[in-house]
Amino acid sequence: MTNLSGLLDARNRHISKALSIGHGKPLHIVRGEMQYLYAADGTQYLDLVNNVCHVGHCHPKVVAAGQEQMSKLSTNTRYVFDGLTEYVSRISATLPDELCVGFLLNSGSEANELAVRLARAHTGNHDMVVIEGGYHGNTSMLVQLSPYKFMGPGGKGKPESWVHVVPVPDVFRRKEFDYGEEINQVIKNAGKIAGFLVEPLLSCAGQIPLPEGFLDAARKYTHKAGGLLIVDEVQVGFGRVGTHMWGFENQGVTPDIVVLGKSIGNGHPMSAVFTTKEIASSLGEMEWFSSTGGNPVSCAIGNAVLDVIEEENLLKRASELGEFFIQGLKDLQEKYPIIGDVRGRGLFIGIEFVHDRDTLEPAADEAARVIREMRDSGVLLSTDGPLHNVIKIKPPMVLTKEDIDMTLRLLNESLGRTGDVSAE
Ligand code: PMP
């Protein structure tokens, strides 16, 4: 095995600096098993941030399904095969009836690209609406549709003329606002739009569940302007919210297009777009094809992920563990004023750090210190949000109560070291 300095030399030579190393220092990871990662020196890390390995790193059932299919057949979707039709039928059965046509692709970015293309083709409009702080993918077009990128480091600082940004509906930082009116105003100013691309719980914007009624208002004003509601489930889909398979179900709204990614393949590169027959047919005479999207190996893996979610009752688990985790974090919030807010649904949780609960001055430095200490104690976390002061928690769904107990105990110890305890 190459040693760490050899790996870093080669990495620095051959991999762009645009791709930074996570967790504040290079971790030489050699193996993953369920909710744990293992380093070359044998250190075990509890992974609380990887929502891609949804049913657990290297889940044996998913691995076996992929290996078996890989040894039998891997071709493209211009052939008829069981795994493909079984897979799209199973996903469709979890969605509202009208979202019955699926496209299978290879990444969340690719799927969002297709969703926007479908919206433009169907509506004849071009402009798009997104939410402040949102991230939707790494292609040129999606960077232009991601305020997280164009407003962030290295970005242009302002949207393209065809991109319209709705303020983030952050009920912690923005006490008084009427999100319906904000959506209405932004869309009115935009004129005709192709669509509104939105996550049902905001991830990069700071682990923020949408306020009740938000998607309903988004759908109403979007339709009024001739557009389609596109829900990006890449981060929160497949039962992470616990109560439902999909984040949008929390809001009781049926989108026009749904985008699935990350957890869909438990780490195998897969994604999907599901929509109505009418919208799917708007590509018209033009052929659509992906060389590897929906190949038999991907379908076998996708089917195995669905099997595991069902067999291991992972939605119920996410609900119960999420509640337990959030309660434990709220107990810490009572003890440590630096924790300004604890929020989330199921196993999608955010902890917002502030120096002052009145001014809400962000405590990004303290959040960074805590995640560094947690890392050195064997628990991987990271921060997000435009102010870099929100610790995000979105672990593989096979987490246990013991993992949460350990995390809460270590967080308590780390927070205790700030000296910033409550005035009891
Ligand atoms: N949408 C959201 C909400 C995401 O978080 C991401 C990736 N972090 C993407 C889309 C893009 O997915 P991918 O990296 O698979 O292209």
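Each ligand, and each atom within it, is numbered from 1 in the order the structure gives. Reckoned from all heavy atoms, side chains included, excluding hydrogens, waters and symmetry mates.
- Of the heavy atoms in Asn112, only side-chain atoms (C-beta onward) come closer than 4.0 Å to ligand 1.
- Where the criterion is an N or O separation shorter than 3.5 Å, residue side chain and backbone included, Gln235 meets it with respect to ligand 1.
- For the ligand labelled ligand 1, residue Glu110 lies outside the 4.0 Å heavy-atom shell.
- No side-chain donor-acceptor contact under 3.5 Å links Gln207 and Ser203.
- Scanning the protein for heavy atoms near atom 14 (O) of ligand 1, the closest one is Ser109 OG, 4.3 Å.
- When only modelled atom types and interatomic distance are considered, Thr139 and Glu113 share a side-chain donor-acceptor pair under 3.5 Å.
- Ser109 and Asn112 are not linked by any side-chain donor-acceptor pair at a separation below 3.5 angstrom, with hydrogens and angles left out of the test.
- Inclusion of Ser203 in the set of residues having an N or O under 3.5 Å from an N or O of ligand 1 is not warranted.
- Shown in contact with Ser107 at under 4.0 Å from a heavy atom are these atoms of ligand 1, numbered in order with element: 15 (O), 16 (O).
- Some N or O of Lys262 is nearer than 3.5 Å to an N or O of ligand 1, by distance alone.
- Donor-acceptor pairing under 3.5 Å is recorded for the side chains of His57 and Asp47.
- For atom 10 (C) of ligand 1, the nearest non-hydrogen atom of the protein is His136 O, 3.2 Å.
- Using modelled atom types, one side-chain atom of Arg219 and one backbone atom of Thr254 make a donor-acceptor pair closer than 3.5 Å.
- Atoms of ligand 1 lying under 4.0 Å from any heavy atom of Glu199, numbered from 1 in the order shown and given with element: 3 (C).
- Other residues, nucleotides and ligands contribute at most 12 non-hydrogen atoms within 6.0 Å of the CG atom of Asp82.
- Checked by atom type, the side-chain pair Arg90/Asn303 shows a donor-acceptor distance below 3.5 Å.
- Side-chain N/O atoms of His23 and Ser382 include no donor and acceptor closer than 3.5 Å.
- Residue Gly108 places at least one N or O, backbone or side chain, under 3.5 Å from an N or O of ligand 1.
- Remark: minimum distance from atom 1 (N) of ligand 1 to any protein heavy atom is reached at Asp232 OD2, 2.7 Å.
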